[in-house]
Protein chains: 2
Amino acid sequence: MVGTFYYIGSIFLKKHSNLTLKVYQRIIELMLNYEIVPGQRLVFIDLAKQLGVSRTPVNNALSILAQEGYLDFVPNQGYSVHKLTKQEAEFLFEIREVLEVGFLGKAIRNMDDKNMKWLKKRKNDYEKAISSHVDRKLFILDTEFHASILDMVGNDILSARYRDICQKIFLRFRTEDLRLNRILDIKIEHNDIFEAVCVRDVERSKDLVRLHHKSSQQNLFPIIFPTD
Amino acid sequence: MVGTFYYIGSIFLKKHSNLTLKVYQRIIELMLNYEIVPGQRLVFIDLAKQLGVSRTPVNNALSILAQEGYLDFVPNQGYSVHKLTKQEAEFLFEIREVLEVGFLGKAIRNMDDKNMKWLKKRKNDYEKAISSHVDRKLFILDTEFHASILDMVGNDILSARYRDICQKIFLRFRTEDLRLNRILDIKIEHNDIFEAVCVRDVERSKDLVRLHHKSSQQNLFPIIFPTD
DNA sequence: GCATGATATATTGCATACAATGATCAGTAT
DNA sequence: ATACTGATCATTGTATGCAATATATCATGC
């Protein structure tokens, strides 16, 4: 179950909530669990029946998700799950890298022992999950490793946006797209980044992060976008 | 009239649209024109009456705007226009700068004569608007000057997000907050940036942009957040 | 056989009725 | 006076009916 990990909109359901937000969250879960997939059309009444609510909260939730770019919307025609294009994925990778590299210096300057322990924990989480090929766990834990570095900046808006970008990317992928050798490479590269960050070597960290993203892109894109 | 310039969500109303999107756009206009102001509560029925529609599309539009961070929302209590805190403004400034500086090199490398002319036009637009103190025109034209540089990168998602960040910031300000001497300084600083970009001096451009944002922040924040 | 047009069907869009919730205010007890 | 309780009111939340729109089906004509 990945339900506790989604980032979209950074909404945290509280005791006081409404159906719109619950439906919104549920749809994200459906996307993360491949129960609805990129390209698939979403029909109000079907979703409403499936979730046991009326069309109103479904309509609301879909409006929000469309605005965030997770769904496509055509007036009078309806909603469908957005299928990220190769170009969009490139755009997002590019933004992701600029943010990560751009804030790495501040993150490292801000880092304390607590941060470092936390980061190590995220690194271990990824490694421990390598064997268990469930859902999108690896994508999420990979993202969490990187995001944990950025979290040290202390800029909540940045943290939320970074996670949103990563999620938009990995929602396009399937776990099978990550081949084992790439998974193990990621582990090694994370280790290298972790070491460089720990010794506060900003320039080396930046280089390693750039290299890491480049490798990920080179490995995944031919699989995800074979024709383009 | 600033209606043609808003960025939120980058939705462009087409022939086929629906009331939700029209209401959404209208509320943005109301925010830009100070007809609804930060902190103000938004009541469904009032807005619906004012815009001549039912509560349904208003509800939809407000959900979207809340998700984007332009409105605050408390379930069973309602919506209010978000009043950006000093910290949030600092966070946004920080992100803005990292994006702008981080992509400046690529922008300059991509620049051709057409881009350069376009940028000069944006620079002139700002200068011409200095005398006409209407609405948020200066904020918008200032943003457009900077965004025009980033547009050269050719990353649509980046361009949209950059404008969104700027808009979130300047929605918190009022035109009166920009004092004349700062307005004239901006003109000079834009000129310097423009020159550096034109001669493709990436490092100098970056320094000037950083300086420019720092000055803006130092001038505006004491006025906008006097107590904090 | 293919294009065209009319009809039927499915789905979205909007308004509204009713229910649920929270805020306000008055009244009572301490 | 202040704190508590209950009734009233305002507003949000949800479901649903009907209208508008788009799509699919089928018949007709060439």
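The sequence lines fix the lettering, A, B, ..., with proteins before strands; numbering per chain opens at 1.
- Note: B:F221 and B:F93 meet the aromatic proximity criterion, with ring centroids under 6.0 Å apart.
- Per the geometry, CG belonging to A:N59 stands 13 Å off C1' belonging to D:dT16, to the nearest Å.
- A salt bridge does not link A:E88 to A:R172: none of the charged side-chain nitrogens sits closer than 4.0 Å to a carboxylate oxygen.
- Rounding to whole angstrom units, CG of residue A:N60 and P of C:dT12 are separated by 15 Å.
- Between A:I45 atom CD1 and C:dT11 atom P there is a gap of 9 Å when expressed in whole angstrom units.
- Side-chain atoms of B:R41 lie closest to D:dT11 of the nucleotides D:dT11, D:dA15, D:dT21.
- With 3.5 Å as the limit, one finds no donor-acceptor pair spanning the side chains of B:S63 and A:Y24.
- A donor-acceptor contact under 3.5 Å is not formed by the side chain of A:T20 with the base of D:dT14.
- Atom OH in A:Y79 sits about 10 Å away from atom C1' in C:dG13, given to the nearest Å.
- Between the CG atom of B:D46 and the P atom of D:dA10 there is a distance of 12 Å, given to the nearest Å.
- Look at CG on A:N76: it is 5 Å from C1' on D:dT21, rounded to the nearest Å.
- Remark: B:K137 NZ to B:I130 CD1 distance equals 12.0 Å, nearest 0.5 Å.
- Residue B:R55 has its side chain nearest to D:dT14 when only C:dG13, D:dT11, D:dT14 are considered.
- Nearest to the side-chain atoms of A:Q77 among the listed nucleotides C:dG13, D:dT23, C:dA15 stands D:dT23.
- Across all strands shown, A:L62 has no heavy atoms under 4.0 Å from either base or sugar-phosphate atoms.
- Distance, B:F44 CZ to C:dC14 P: 15 Å, rounded to whole Å.
- Comparing D:dG13, D:dT16, C:dA15 against the side chain of B:P75 picks out D:dG13 as the nearest.
- In terms of position on DNA chain D, the residue among B:L42 and A:P57 whose nearest nucleotide sits closer to the 5' end is B:L42.
- The phosphate of D:dG13 has OP1 or OP2 within less than 4.0 Å of a side-chain N or O from A:N18.
- Of the two residues contacting DNA chain D, namely B:V43 and B:T56, the nearest-nucleotide position lying further toward the 5' end is that of B:V43.
- Ranking C:dG13, C:dA15, D:dT16 by closeness to the B:S54 side chain, first place goes to C:dA15.
- The ring of A:F73 has its center closer than 6.0 angstrom to the ring center of A:Y79.
- The distance from atom CZ of B:F73 to atom P of C:dG22 is 12 Å, rounded to the nearest whole Å.
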